Participant: 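Dropping a structure here in structure tokens format, bear with me for questions.
Scope of the values below: all heavy atoms of this structure, side chains included, with no hydrogens, waters or symmetry mates. Keep in mind that this is a model prediction, so the values were computed, not measured.
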Amino acid sequence: MSSTTGSEATPSAPPQTTPTDAQSSPPPQPRLHFLDLVLTLVAGGLCLVAALHGLKVMLGPDRLTMVMSSKDPAGLILLFFVFFAVVVIAVWVGVVRHGRAAPSLLALRPFSGRWWWLAPLCILLLSVALDEGFLRLVRALAGIDLTPQTSQVIAGLATTLPLALAATAAIGLLGPFAEELLFRGLIYGYVDGRFGARAAWATSSVLFALAHAEPAHVALVFPIGVLLGWVRMRSASLWPCVLAHMINNIVVVCWAYLDS
């Protein structure tokens, strides 16, 4: 008998596949970049210079000087309109290059129903506590009136019903939308994408307060900015902040008109 010693064929191992071969990696999530901040700043500066030049031509140098010194209520309301419109346009210029992703990058997205009432209620309660509680307490204990100059300006704008309605549109509607779009939309979104939500919360709150310039106003606005930042972080949407800010400012203007 003869024996065969031929080797048996062994099955070849299946080719190994890397994860990138099996499935393509998901595209990176869009986020805001430092360039968006630069574009917003440049666009805002150019638009503001152009707007002030237009107001100077339209109103005349003398009246514009009166407006800047808060001696012309109608002109000052117009100035508020122009300034807040410039902010909105500047932010749009800064993010328009992102196309359809731009609204989401600014957190202009839907939110759960409870924030419709919870955010405005919290902001109003805090605002009343600061204005009617803290300021009165300081005035009673130390004899110091820390009422911000801005409050006196708003009181001077809402002396008649037409002026009060115009001030409501500028300060109660357009102003809050512009400020929220800048601070808790653009700035919050950029810092959140780079350093996380808590850093974005802190940064947007501080810059929001500092933007009000007057020390007394900065101190009063900072807690409101902190609360609005918390709303922005928990709701993952800018709209509750806009709504709460609008209602707060509308109440301030209406109170000034009723008190005049």
Participant: For the atom pair OH (Tyr257) and CG (Leu165), what is the distance rounded to the nearest 0.5 Å?
Facilitator: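 If I round to the nearest 0.5 Å, the distance is 8.0 Å.
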Participant: In terms of hydrophobic clusters joined by side-chain contacts under 4.5 Å, are Leu228 and Leu210 together?
Facilitator: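 Yes, same cluster.
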Participant: Ignoring hydrogens and angles, tell me if any N or O in the side chain of Ser204 forms a donor-acceptor pair with the backbone of Trp201 under 3.5 Å.
Facilitator: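 It does hold such a pair.
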Participant: Roughly how far, to the nearest 0.5 Å, is the OH atom of Tyr190 from the CZ atom of Phe34?
Facilitator: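 Phe34 atom CZ to Tyr190 atom OH measures 6.0 Å (nearest 0.5 Å).
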Participant: When you compare the side chain of Phe177 with that of Trp239, does any pair of heavy atoms fall below 4.5 Å?
Facilitator: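 Yes. Closest side-chain heavy atoms under 4.5 Å.
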Participant: Same cluster for Leu174 and Ile250 if Ile/Leu/Val/Met/Phe/Trp/Tyr side chains link at under 4.5 Å?
Facilitator: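 Yes; tracing contacts between hydrophobic side chains, which count when under 4.5 Å, links both residues.
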Participant: Output, in order, the C-alpha distance, side-chain angles, deciding distance and verdict of side-chain contact (heavy atoms from CB on, under 4.5 Å) for Val226 and Phe222.
Facilitator: CA-CA 6 Å; Val226 171; Phe222 178 69; 3.6 Å; yes
Participant: Between Ile224 and Val138, is there shared hydrophobic-cluster membership here, with clusters defined by ILVMFWY side-chain heavy atoms closer than 4.5 Å?
Facilitator: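 Yes.
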Participant: Roughly how far apart are Leu106 CG and Arg109 CZ, rounded to 0.5 Å?
Facilitator: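 These two atoms lie 9.5 Å from each other.
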Participant: If only side-chain N and O atoms count, and only distance matters, is there a donor-acceptor pair under 3.5 Å linking His217 with Gln149?
Facilitator: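 Gln149 vs His217: no donor-acceptor pair found between side chains.
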Participant: Any side-chain heavy atom of Val87 sitting closer than 4.5 Å to one from Leu181?
Facilitator: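 Val87 does not reach Leu181 side chain to side chain.
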Participant: Using the rule that Ile, Leu, Val, Met, Phe, Trp and Tyr join whenever any side-chain heavy atoms are under 4.5 Å apart, tell me whether Leu124 and Leu121 fall into a single cluster.
Facilitator: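 Yes, same cluster.
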Participant: Around atom CZ of Arg31, are there more than 12 heavy atoms of other residues, nucleotides or ligands at under 6.0 Å?
Facilitator: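 Yes, CZ of Arg31 has more than 12 neighbouring heavy atoms, counting only those of other groups under 6.0 Å.
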Participant: With heavy-atom distances below 4.5 Å as the criterion, would you say the side chains of Val93 and Val42 are in contact?
Facilitator: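 Heavy-atom side-chain distance check fails, nothing below 4.5 Å.
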Participant: May I ask you to decide if Met66's main-chain N or O and Ser69's side chain share a donor-acceptor pair within less than 3.5 Å?
Facilitator: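 Side chain of Ser69 to backbone of Met66, a donor-acceptor pair under 3.5 Å: yes, one is there.
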Participant: Taking all non-hydrogen atoms of both residues into account, name the closest pair between Ile247 and Pro120 and its distance.
Facilitator: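 Here Ile247 and Pro120 meet closest at CD1-CB, 3.7 Å.
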Participant: Checking side-chain contact (heavy atoms from CB on, under 4.5 Å) for the pair Ile171/Leu157: CA distance, chi angles, key distance, verdict?
Facilitator: CA-CA 10 Å; Ile171 300 172; Leu157 296 179; 3.7 Å; yes
Participant: Between atom CZ of Arg114 and atom CZ of Arg234, what is the distance when rounded to the nearest 0.5 Å?
Facilitator: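 Nearest 0.5 Å value for the CZ-CZ distance: 6.5 Å.
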Participant: For the CZ atom of Arg184 and the CG atom of Leu238, what is their distance to the nearest 0.5 Å?
Facilitator: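 Rounded to the nearest 0.5 Å, the CZ-CG separation comes out at 8.0 Å.
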Participant: Any sub-3.5 Å donor-acceptor pair from Ser127's side-chain atoms to Ile123's backbone N or O?
Facilitator: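 Not confirmed, Ser127 side chain does not pair with Ile123 backbone.
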Participant: Indicate the atoms forming the closest heavy-atom contact of Ala167 with Val253, along with that distance.
Facilitator: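 Residues Ala167 and Val253, closest heavy atoms: CB-CG1, 4.1 Å.
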Participant: Might you confirm whether atom CH2 of Trp255 has over 12 heavy atoms from other residues, nucleotides or ligands at distances under 6.0 Å?
Facilitator: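 Check fails, neighbour count at 12 or below.
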Participant: Work out which heavy atom in Leu32 is nearest to a heavy atom in Leu105; give both atom names and the distance.
Facilitator: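 Looking at all heavy atoms of both residues, the closest pair is CD1-O, 3.8 Å.
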Participant: Using atom types as modelled and distance alone, determine if a side-chain donor or acceptor of Ser205 lies under 3.5 Å from a backbone N or O of Gly225.
Facilitator: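 Confirmed, Ser205 side chain pairs with Gly225 backbone.
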Participant: I'd like to know whether Arg136 forms a side-chain contact (heavy atoms from CB on, under 4.5 Å) with Asp131, so could you lay out the CA-CA distance, the side-chain angles of the two residues, the decisive distance to 0.1 Å, and finally the verdict.
Facilitator: CA-CA 7 Å; Arg136 288 178 181 271; Asp131 290 343; over 6 Å; no
Participant: Is the backbone of Ala200 close enough, under 3.5 Å, to the side chain of Asp192 for a donor and an acceptor to pair up by distance?
Facilitator: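 Looks like no, no N/O pair under 3.5 Å.
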Participant: Nearest 0.5 angstrom please: Ile187 CD1 to Phe208 CZ, how far?
Facilitator: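 Taking CD1 in Ile187 and CZ in Phe208, the distance rounds to 11.0 Å.
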Participant: Nearest heavy-atom pair of Ala166 and Phe81: which atoms, and what distance?
Facilitator: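 In terms of heavy atoms, the two residues are closest at O-CE1, 3.8 Å.
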Participant: Does Asn249 reach the side chain of His245, with side-chain heavy atoms less than 4.5 Å apart?
Facilitator: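 In contact.
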Participant: Is atom CE of Met58 surrounded by more than 12 heavy atoms (other residues, nucleotides or ligands) closer than 6.0 Å?
Facilitator: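 Yes, CE of Met58 has more than 12 neighbouring heavy atoms, counting only those of other groups under 6.0 Å.
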Participant: Find out whether His212 and Glu179 are in side-chain contact, i.e. whether some heavy atom of one side chain is under 4.5 Å from a heavy atom of the other.
Facilitator: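 They are in contact (side-chain heavy atoms under 4.5 Å apart), so the answer is yes.
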Participant: Between Ala211 and Phe183, which heavy-atom pair has the shortest distance, and what is it?
Facilitator: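 Residues Ala211 and Phe183, closest heavy atoms: CB-CZ, 3.5 Å.
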Participant: So which heavy atom on Cys241 is nearest to which on Glu180, and how close?
Facilitator: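 Closest approach of Cys241 to Glu180: CB-OE1, 3.3 Å.
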Participant: Can you tell if the side chain of His98 reaches within under 4.5 Å of the side chain of His33, non-hydrogen atoms only?
Facilitator: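 A side-chain contact under 4.5 Å exists here.
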Participant: Tell me whether Met233 shares a hydrophobic cluster with Val231, the cluster being built from Ile, Leu, Val, Met, Phe, Trp, Tyr side chains joined at under 4.5 Å.
Facilitator: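 Met233 clusters together with Val231.
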Participant: Does some side-chain heavy atom of Val153 sit less than 4.5 Å from a side-chain heavy atom of Leu76?
Facilitator: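 With C-beta onward as the side chain, the pair touches.
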Participant: Walk me through whether Val221 and Leu130 qualify under side-chain contact (heavy atoms from CB on, under 4.5 Å).
Facilitator: CA-CA 9 Å; Val221 165; Leu130 291 170; over 6 Å; no
Participant: Using 4.0 Å as the upper bound for N to carboxylate O, is an ion pair formed by Asp36 and Arg97?
Facilitator: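 Counted as a salt bridge, because a side-chain N and a carboxylate O are separated by less than 4.0 Å.
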Participant: Does any non-hydrogen side-chain atom of Trp115 lie less than 4.5 Å from one of Ser237?
Facilitator: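 A side-chain contact is absent here, since even the closest heavy-atom pair is not under 4.5 Å.
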